[in-house]
Structures are given as C-alpha cells and as structure tokens.
Trainee: 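To start, I am sharing the structure in question, which I have written as structure tokens.
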Amino acid sequence: EDQVTQSPEALRLQEGESSSLNCSYTVSGLRGLFWYRQDPGKGPEFLFTLYSAGEEKEKERLKATLTKKESFLHITAPKPEDSATYLCAVHVDYGGSQGNLIFGKGTKLSVKP
Amino acid sequence: GAGVSQSPSNKVTEKGKDVELRCDPISGHTALYWYRQSLGQGLEFLIYFQGNSAPDKSGLPSDRFSAERTGGSVSTLTIQRTQQEDSAVYLCASSLGDGNSPLHFGNGTRLTVT
C-alpha cells in the first residue's frame, strides 16, 4: 500500500534553532514530491516540487531535499513567522485513486521568539 | 492573477439540511480536487476531476456526498442531510493536470453542522 509518513507530528523550536522535517514514502512510481505550508484558517500554500533523488530546492530559510525513500525540509535559523503546518504530498505514476496524489498528515512547527 | 476561490467561507447549518459548497478554480486548470480537513487532522481526499474524464469519486464518504463540475470550470460539492460529523473545512484545489504541476488551494469553506 502506498504511504506517505511525516515526522515529527509536532516540533517546537527556539528562534534561530535549525532543524529538519521528514517525509518518508513507499510508493510505486514517484512522479514528484511537493511541499506545502499551511497557516491556520488558510489553504495549503505551495513551496517546492522535487522530481528526482539528489535534487534540492531553496527558498529563504527553507531547503528541500529528496532521496529515493524520503524528503527533508531543512529550516535554517527559523523565525516565529515560519510557524505553520508543513505538508508533503507524493504524486504517483499510475492511475490510482486520490487523483494520483497522496498527502502526509503534516508536521506542526512552532517557533518561539 | 486570481487564485482558487471558494464560497461561502463559513457555513452553519442545521442537522438534516442540504448544503452546497462552491469552488472557482484557476482559469485554464483542468484538474480539480476536493478535500476535507477536520480540526487538527490531515487532508482527506474526496473527489478528483480531470478534464472530460469520469471523476474519481473513491474518497466520497457516503452517498450523501456528491460533486459536479460544469463546463470544466466551476465545481459544486453537495452534502445532503448533513450530520454533525460532516463538520470540517472543505478545501478545493486545482492544477494544470499535466502530472507535474502542483495543486493550488483555496482557503476552504468551514462547515459547522449544529
């Protein structure tokens, strides 16, 4: 069964304390992996797409990396405004259900000043 | 440009009533998804439309739920005879549907069934 698992479920950091969020997956035929940020009361906001192992993408304090089994979202020197829930989703390469897209349950990040 | 628009943003209804939730996707996006998100939970897939193909309804939780997409654009999610467990945020997303493009989400409709 295809699965996407995010860890930890929740993470509390002090401002400036760098860390990483994990998204591990077991799927048949990965077409792409997406990272999203969701603020309370809002829909998820697209951050990155990664297509192949070894690929990296960066945006401000965030860097996403991809291996054959997992993706990491590295947060360098986070600020309170980085507090949000981070979701990853895997796009699979077959005519399965869910529109070929499988979401993890997210990691809720809190950054304290 | 304009993003995905959902209406209403909030809906309070009495148990047993029917509700309709609307989604206006980004112009030119052929793929449209509906998800449900309960408080503090992840995204629950409901239904997926891609162009003129038959929709993937495999996530609809019961026959009280239905959705349509008219003219390949606007979509309506209908919940009949609402129950308290239907209370959640209903999110709509659209994409280019080319297999590599990300989803763009609306801000959702918060449904409360009293």
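A, B, ... follow the sequence lines: proteins, then strands. Residue 1 opens every chain.
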Trainee: At a 4.5 Å cut-off on heavy atoms, which part of B:Ser9 comes close to chain A: side chain, backbone, both, or neither?
Mentor: neither
Trainee: Kindly check if the number of other-residue, nucleotide or ligand heavy atoms within 6.0 Å of CZ (A:Arg61) is above 12?
Mentor: yes
Trainee: Is there a donor-acceptor contact under 3.5 Å from the side chain of B:Asn107 to the main chain of A:Gly43?
Mentor: yes
Trainee: Surrounding CD of B:Glu14 (heavy atoms of other residues, nucleotides or ligands, distance under 6.0 Å), is the total greater than 12?
Mentor: no
Trainee: Counting only heavy atoms closer than 4.5 Å, note whether A:Gln38 contacts chain B via side chain, backbone, both or neither.
Mentor: side chain
Trainee: Within the structure provided, determine whether A:Phe103 and B:Tyr35 are in side-chain contact (heavy-atom separation under 4.5 Å).
Mentor: yes
Trainee: To the closest 0.5 Å, what do you measure between OG (B:Ser95) and NE2 (A:His91)?
Mentor: 7.5 Å
Trainee: Counting only heavy atoms not in A:Glu9, do more than 12 sit closer than 6.0 Å to its CD atom?
Mentor: no
Trainee: Does one hydrophobic cluster hold both A:Val111 and A:Ile75, with members joined at side-chain heavy-atom distances below 4.5 Å?
Mentor: yes
Trainee: Show the nearest heavy-atom pair for residues A:Phe46 and B:Leu103, with the distance to one decimal.
Mentor: CB-O, 4.3 Å
Trainee: Which answer fits A:Tyr36, side chain, backbone, both or neither, if we ask what part of it has an atom under 4.5 Å from a heavy atom of chain B?
Mentor: side chain
Trainee: Any chain of hydrophobic side-chain contacts (each under 4.5 Å) joining B:Ile47 to B:Ile79?
Mentor: yes
Trainee: If two hydrophobic side chains count as joined below 4.5 Å and joins carry through other members, does A:Leu47 share a cluster with A:Leu21?
Mentor: yes
Trainee: Could you tell me if the side chain of A:Pro44 sits less than 4.5 Å from the side chain of B:Leu91, heavy atoms only?
Mentor: yes
Trainee: Mark yes when over 12 heavy atoms from residues, nucleotides or ligands other than A:Lys57 sit less than 6.0 Å from its NZ; otherwise mark no.
Mentor: yes
Trainee: Is chain A contacted by the side chain of B:Glu44, its backbone, both, or neither, given a heavy-atom distance below 4.5 Å?
Mentor: neither
